[in-house]
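Here's the structure, in structure tokens; my notes come after.
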Amino acid sequence: MKREELTDIKEVAAKLNLRANELQQYGTFAAKIAYDWQQDNLPEAGKLILLTATSPTPAGEGKTTTAIGLIDALAKLHKNVCGALREPSMGPTFGLKGGACGGGKAQVLPAEDINLHFTGDLAAITQANNLLAACLDNHIYWGNSLQIDPQRILLKRALDMNDRSLRNFTYTIKQPATVPNAQTYVINGSYTITAASELLAIFGLAKDFADLRYRLDHMVLAYNFAGEPVYTRQLKITDALLTILQTAFNPNLVQTAEHNPVLLHGGAFANIANGTNTLVSTKLALRLADYVVTEAGFGSDLGLEKYCDLLAAPNNLHLAAVVLVSSLRALKYQAGIKPDDWQKINLEAVRKGFANLQRHIEIVRTFKRNPYVCLNVFPDDNMEEINYLQSLLQERGIKLYVSHVYAAGGEGILPLARDLCCDLEENPSRNTYNLQAETSDFKERIELIAKKLYGAAAVEFSEQAQADIAAITRQGWQNLPVCIAKTPLSFTDNAKNLNAPQNFVLTVTSLKPYTGAGFIVAACGKILTLPGLPADPAACHMRCL
């Protein structure tokens, strides 16, 4: 869609009863909402519809595209609707997946701005993170009165780009001669992609600006020589970080291709972080609209579990409905079919890959919701396979909704929108089930998720993980919830172990406290927090108009 076909953002805001003086405009088609939700007495009365997915192919299955189409479909039914979605990271934009604004006639716009710098949120988070890292090193340089152990720095520098060369590097801090007993430290450092940083997780989970301050203060940066944690507040730079983040913390307003409002804010990855848009944007959307469409990253094993356990349940958010998105190519991928053969009719592959869809249906049911199963249709899909999948679901009493939003926009998913409206008006929202609340020990939480959701028989902890457990326990952090970091392509910690494996062993390789975000990150298998570019990156196929 051309820019001249977009609606002025003030007109989009008016659909949510937002006035022009509540907007900080970024050009004609995007704005931040200068909205004091702490003072607003409006109830969070909207119905929250969450989209999750089956295990994806590396390129994704169109979950965001489906979410955007559903927003437009609900608007076609004359519902007061708002989207609450994540901001794209530039790493995947230039890497494997390309942009993350949907596609075809189901997009958030202007996509070329959103996929790049947008309103500067991720740049602000990156700069705040790196200011923190610089101040930590600077403290060590000027005498290290906090006795920070340079070999036990937890904080990583951040970059919103795929650059594998920065995963590990060595640098030197040589204290000046004016420092008593001056030392020279050789430090092993590393970068993470901004979307995997604790700072972005904190940004996404903070209830308000005061909570953002509290979480930043309680972020563990390193350990001192005595093995005690060193927090942000001890460096006395929290206000400097808040100065960088204060504008970014206001949610962004953009529009769909059919000119309906979307709050686009935050963007932590779900395979290595919490995988949601910000809490403040979701709560604001629930105050402004009757229906709110949101999504959780990757499959239900990662995104849905984290949404329920880390975001919804602790903040009393109620999921009115869960839509489970899949695709024929995702089922074929899980069946072991190579991409070159996805276009070929293969009912046996659909049947085999159906086991993965079944596992995800059961995961959604674990959180006390019956999923609306939605097939995102790609141009080369065929009706024979679609009908076969429909029959497999009908045998189990499940209806299949077929989505054509890429080609038809909101019109392509109207049956699902109608049924959602009917069901949600008859059935009030229930409390979101908190799986991790079943146990108070984080090791047991990992085992509970691995066995109950993934299908694992056992969990093994590496030597490094056991040392991390001991350190976490010494500090009294063992009651924190867990955020499992693993491949999104498999229920296991091995991306090549596809479909619906049973009775495998999940290996936890390391654990890291994110005390500001309020959880323990458990890395399983080989996890890269700074991706590299593929052999043929999306950046090579872009044209600047």
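All values below come from the heavy atoms of this structure, side chains included, with hydrogens, waters and symmetry mates left out.
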task: Assess the side chains of Ser55 and Asn356: does a donor N or O sit below 3.5 Å from an acceptor N or O?
output: yes
task: Using modelled atom types only, decide if a donor and an acceptor are shared between the side chain of Trp342 and the backbone of Lys332 within a distance under 3.5 Å.
output: no
message: Could you check whether Arg215 pairs with Asp211 (Lys NZ or Arg NE/NH1/NH2 to Asp/Glu carboxylate O, under 4.0 Å)?
response: yes
- request: Check the pair Leu70 / Val81 against side-chain contact (heavy atoms from CB on, under 4.5 Å), numbers first and verdict last.
  value: CA-CA 10 Å; Leu70 183 57; Val81 60; over 6 Å; no
message: Does either side chain, that of His360 or that of Ser300, offer a donor lying less than 3.5 Å from an acceptor on the other one?
response: yes
- prompt: Is the closest basic N to carboxylate O distance between Arg365 and Glu362 below 4.0 Å?
  reply: yes
field: Flag for Asn376-Ser327: side-chain donor and acceptor within less than 3.5 Å
entry: no
- request: Could you check Leu530 against Thr192 for side-chain contact (heavy atoms from CB on, under 4.5 Å), going step by step and ending with a plain yes or no?
  value: CA-CA 5 Å; Leu530 185 59; Thr192 184; 5.5 Å; no
- prompt: What is the distance from atom OG1 of Thr65 to atom CD of Glu295, rounded to the nearest 0.5 Å?
  reply: 9.0 Å
- request: Decide, yes or no, whether a salt bridge links Glu385 with Arg351 under the criterion of side-chain N to carboxylate O below 4.0 Å.
  value: no
- request: Assess the side chains of Thr487 and Asn494: does a donor N or O sit below 3.5 Å from an acceptor N or O?
  value: no
- prompt: So does Lys352 have more than 12 non-hydrogen atoms from other groups sitting under 6.0 Å from NZ?
  reply: no
query: Does any non-hydrogen side-chain atom of Cys82 lie less than 4.5 Å from one of Leu16?
result: yes
- prompt: Does a sphere of radius 6.0 Å around OH in Tyr406 hold more than 12 heavy atoms from other residues, nucleotides or ligands, not counting ones at 6.0 Å or beyond?
  reply: no
- prompt: Is there a side-chain contact between Phe298 and Pro56, using heavy atoms and a 4.5 Å cut-off?
  reply: yes
- prompt: Under 3.5 Å, is there a donor-acceptor pair linking the side chains of Asn260 and Asp72?
  reply: yes
query: Are the side chain of Ser490 and the backbone of Ala495 linked by a donor-acceptor contact shorter than 3.5 Å?
result: no
query: Without hydrogens or angle criteria, can the side chains of Gln255 and Glu11 be said to hold a donor-acceptor pair below 3.5 Å?
result: no
query: If we ignore angles and hydrogens, is there a donor and acceptor under 3.5 Å between the side chains of Asn346 and Asp341?
result: no
query: Do any N or O atoms from the side chain of Lys15 and from the backbone of His259 form a donor-acceptor pair under 3.5 angstrom?
result: yes
task: Ignoring hydrogens and angles, tell me if any N or O in the side chain of Thr256 forms a donor-acceptor pair with the backbone of Val108 under 3.5 Å.
output: no
task: Over all heavy atoms of both residues, which pair between Gly516 and Glu198 is shortest? Give the atoms and the distance, please.
output: N-OE2, 2.8 Å
task: Would you check if the side chain of Lys306 reaches a backbone N or O of Ile484 as a donor-acceptor pair within less than 3.5 Å?
output: yes
Any donor-acceptor pair under 3.5 Å from Arg287 side chain to Glu44 backbone: no
- prompt: Less than 4.5 Å apart, any side-chain heavy atom of Asn315 and any of Lys207?
  reply: yes
- prompt: Is the Phe203 ring parallel, tilted or perpendicular to the Phe249 ring (thresholds 30°, 60°)?
  reply: perpendicular
task: Could you tell me whether Lys486 and Asp301 make a salt bridge, using a distance below 4.0 angstrom between a side-chain N and a carboxylate O?
output: yes
query: Will you find, in the side chains of Lys32 and Asn252, an N or O donor that is under 3.5 Å from an N or O acceptor?
result: yes
query: Can you name the closest pair of heavy atoms from Ala195 and Leu200 and give their distance?
result: CA-CD2, 3.4 Å
- prompt: Is it true that Asp340 and Lys338 make a salt bridge, defined as a side-chain N closer than 4.0 Å to a carboxylate O?
  reply: no
message: Closer than 4.0 angstrom, basic N to acidic O: yes or no for Lys105 and Glu411?
response: no
field: From OG (Ser391) to CD1 (Ile386), nearest 0.5 Å
entry: 12.5 Å
- prompt: Is any side-chain N of the basic residue among Lys452 and Glu438 closer than 4.0 Å to the acidic one's carboxylate O?
  reply: yes
- line: CD1 of Ile527 to CG of Asp493, rounded to nearest 0.5 Å, is 8.5 Å
task: Please name the pair of heavy atoms, one in Arg396 and one in Leu392, separated by the smallest distance, quoted to 0.1 Å.
output: NH1-O, 2.6 Å
message: Using side-chain heavy atoms (C-beta onward) and a distance below 4.5 Å, is Thr66 in contact with Cys374?
response: yes
field: No-hydrogen, no-angle side-chain donor-acceptor test under 3.5 Å, Tyr401 and Asp419
entry: yes
statement: side-chain contact (heavy atoms from CB on, under 4.5 Å) with Tyr307: of Asn274, Thr282, Thr52, Val322, only one passes, and it is Thr282
message: Before you tell me yes or no, could you show the steps for Glu305 and Gln436 under side-chain contact (heavy atoms from CB on, under 4.5 Å), namely the whole-Å CA-CA distance, both residues' side-chain angles and the distance that decides it to 0.1 Å?
response: CA-CA 9 Å; Glu305 183 272 318; Gln436 293 197 35; 3.0 Å; yes
field: Sidechain-backbone polar pair: His265 side chain, Ala248 backbone, donor-acceptor under 3.5 Å
entry: yes
query: How about Ile49 and Val292: do any of their side-chain heavy atoms sit closer than 4.5 Å?
result: no
query: At their closest point, which heavy atom of Ile446 faces which heavy atom of Ala522, and how far apart are they?
result: CD1-CB, 3.8 Å
- request: State whether the side chain of Arg445 and the backbone N or O of Leu480 hold a donor-acceptor pair below 3.5 Å, judged by distance alone.
  value: yes
query: Are side-chain N/O atoms of Tyr372 and Asp423 paired as donor and acceptor at under 3.5 Å?
result: yes
query: Closest approach of Leu319 and Arg369, non-hydrogen atoms and distance?
result: O-NE, 2.7 Å
query: Does the side-chain contact (heavy atoms from CB on, under 4.5 Å) test come out yes or no for Cys308 and Leu435, once each step is laid out?
result: CA-CA 8 Å; Cys308 291; Leu435 179 67; over 6 Å; no
- request: Could you tell me whether the side chains of Glu61 and Thr57 share a donor-acceptor contact shorter than 3.5 Å?
  value: yes
message: Using only atom types and a distance under 3.5 Å, with no angle test, would you say the side chain of Thr294 pairs donor to acceptor with the backbone of Ala84?
response: yes
field: Separation between CG of Leu18 and CG of Leu253, rounded to the nearest 0.5 Å
entry: 7.0 Å
Beyond-backbone contact of Val377 with Val405, side-chain heavy atoms, under 4.5 angstrom: no
Close side-chain approach of Pro58 to Leu489, heavy-atom, < 4.5 Å: yes
- prompt: Are Lys368 and Tyr433 in a cation-pi setup, meaning NZ or CZ lies under 6.0 angstrom from the ring centre and within 45 degrees of the ring axis?
  reply: yes
- request: Hey, could you give me the CG/OH distance between Leu506 and Tyr454, rounded to the nearest 0.5 Å?
  value: 7.0 Å
message: Restricting to non-hydrogen atoms, name the atom on Ala158 and the atom on Thr194 that form the minimum distance, rounded to 0.1 Å.
response: CB-OG1, 3.9 Å
message: Donor-acceptor check, side chain of Glu87 to backbone of Gly266, threshold 3.5 angstrom: yes or no?
response: yes
- prompt: In Å and rounded to the nearest 0.5 Å, what is the CG to CD1 distance from Leu302 to Ile449?
  reply: 10.0 Å
query: Does Tyr333 reach the side chain of Leu498, with side-chain heavy atoms less than 4.5 Å apart?
result: yes
